[in-house]
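Structure, as structure tokens:
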Amino acid sequence: MQRWTSDPLAVPRDAAAPFLHADLEFEDLEHDGPSFVVRLYLNRPGGAEEAEAGHFSVFGHGECWGDLGHCDVPTTARAFDRPHPLTPINITVDVTDALAALPEAEEVTVTALAQSLEADRQAEPLRFKRLTLVTYE
Amino acid sequence: MANQVPTTVAGRMTLHHRRSVGKLTAPQLRDLRRAFKAAMAIEDDRGFWYFAGWHGIPFAWCEHHTELFLPWHRAYLYYFELALHAQVPGVSLPWWDWTTSGHIPRAYTVKTANGSQNPLFARKLHVYRSHTSDPVGDREPGAAPVPPLPYKSRWDRAMRATSFTEFSQRIEAIHDDVHVWVGGIMSSIDTAAYDPLFYAHHVMIDRAWRIWQHRNPGALPRHGLLDVALRPNGITVRQVLDVKQLGYDYAGTASHAAGPTA
């Protein structure tokens, strides 16, 4: 099981315009290995099943069955190319209820517990470039 | 309720209805098994193994986590169903309703049916044009740490989406969870379509889009996608928007009566 905790993310509060909706956005998330499940917690670095803020599954591609270089994502795209199947993806998770349950918090940490379906092959499946907490008024 | 404007389908196409696997009659289930068995006996590009290869090994033409997720899989099911029709005319792919059921349908879990191997039970991974077949591990329903089925409340939330993109993202997230929940070869993109259960799961996803389209008439994928050609046959997104144009629809029930010229 991989455990990752973010740096604190600010939660700007405006009593005149409370948020209606909150999302966590994972950017450039890799999905080139076995499938995995990520459970998310706000301000709970230890996790706690009853306090799960959300989760997502990544339906992974499994192992590369091609020759050397087959699964390398091209760094440039030619005209008319479809994106390479292993191009990193963005995933959005609705955490509205979990954030609303922390009405006093001015910042939150996000803890992700990631479990691969083939943990012996991939101990740390969660790989991404950036996490953003977005609230909507 | 006043009648809607009637829809027409060009040509002499007989509309067929996909049904819940739980509501198939014994003859309908027998036909489904017969169609899969016949398709699995074909090694060329009319057979099950060829179509399984569209999604994962070896062709990997599928679309995931893109706005083409729903259109591509609709086209895929359409062509696969045509391949089944070639074996057993009139057969339809059923859906697995994981909004009401917490289990894999029995039709797909029994190892034998009607005195022979049940072709809906995943047995082997035979890559198109290869000369080998690998036995596959059992499904492991519920073993992965995703929420237990059924997924009714999440389905309802997806149905409340007001744009195609939002709906597609919500339903694909549920789709991913179901794949992972099933386990075995269903839990990997490369191998999932070698499990016959894959098609019942994706018919449910396609049905979700159909129902959402009913509720949101005119809500289309963004304009720039409509003329995108889907691999490998080049059918476009626009051409898969209307299931009736593809010759099928989804039925709770369907009763037929012969017409005067039958």
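In what follows, chains carry the letters A, B, and so on, assigned in the order in which the sequence lines appear, proteins first and then strands, with residues in each chain numbered from 1.
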key: Interface moiety of A:E118 toward chain B, non-hydrogen atoms closer than 4.5 Å   = neither
inquiry  = Any salt bridge linking A:R127 with A:D28? Criterion: basic side-chain nitrogen under 4.0 Å from a carboxylate oxygen.
reply    = no
query = Any residues in residues 2-25 of chain A near chain B, with a heavy-atom distance under 4.5 Å, and which are they?
reply = A:H21
query = Any chance the side chains of B:S168 and B:E67 put a donor and an acceptor closer than 3.5 Å?
reply = no
message = Below 4.5 Å, heavy-atom pairs only: which of B:A144, B:G183, B:P58, B:A173 has the largest tally toward chain A?
response = B:P58
inquiry  = Testing the 3.5 Å rule here: is there a donor-acceptor pair between the side chains of B:Y250 and B:D206?
reply    = yes
ask   = Do you know which of B:H179, B:R231, B:E140 has the most heavy-atom pairs under 4.5 Å to chain A?
value = B:H179
ask   = Are the aromatic rings of A:W65 and A:H70 close, with centres under 6.0 Å apart?
value = yes
request  = Flag the one option from A:R39, A:H61, A:Q115 with the top tally of heavy-atom pairs under 4.5 Å to chain B.
outcome  = A:H61
task = Flag the pair B:D195 and B:R139 as a salt bridge only when some basic side-chain nitrogen lies within less than 4.0 angstrom of an acidic carboxylate oxygen.
result = yes
task = Taking atom types as modelled, find out whether B:W61 and B:H55 have a side-chain donor-acceptor pair closer than 3.5 angstrom.
result = no
note = Whatever's closer than 4.5 Å to a heavy atom in chain B on A:H55 counts as side chain
Residue B:E63 versus chain A: region with a heavy atom under 4.5 Å = side chain
message = For the residue pair B:D177 / A:S57, report whether a side-chain donor-acceptor contact shorter than 3.5 Å exists.
response = yes
ask   = With a 4.5 angstrom heavy-atom cut-off, which part of B:T66 approaches chain A: side chain, backbone, both or neither?
value = side chain
task = Name the option with the most non-hydrogen atom pairs under 4.5 Å to chain B; the candidates are A:P34, A:G62, A:S35.
result = A:S35
query = Will you find, in the side chains of B:Y199 and B:Y76, an N or O donor that is under 3.5 Å from an N or O acceptor?
reply = yes
query = Is it the backbone or the side chain of B:A192 that comes under 4.5 Å from a heavy atom of chain A, or both, or neither?
reply = side chain
query = Under 3.5 Å, is there a donor-acceptor pair between the B:D190 and B:S188 side chains?
reply = no
query = Between A:F59 and B:H65, does the ring centroid distance fall short of 6.0 Å?
reply = no
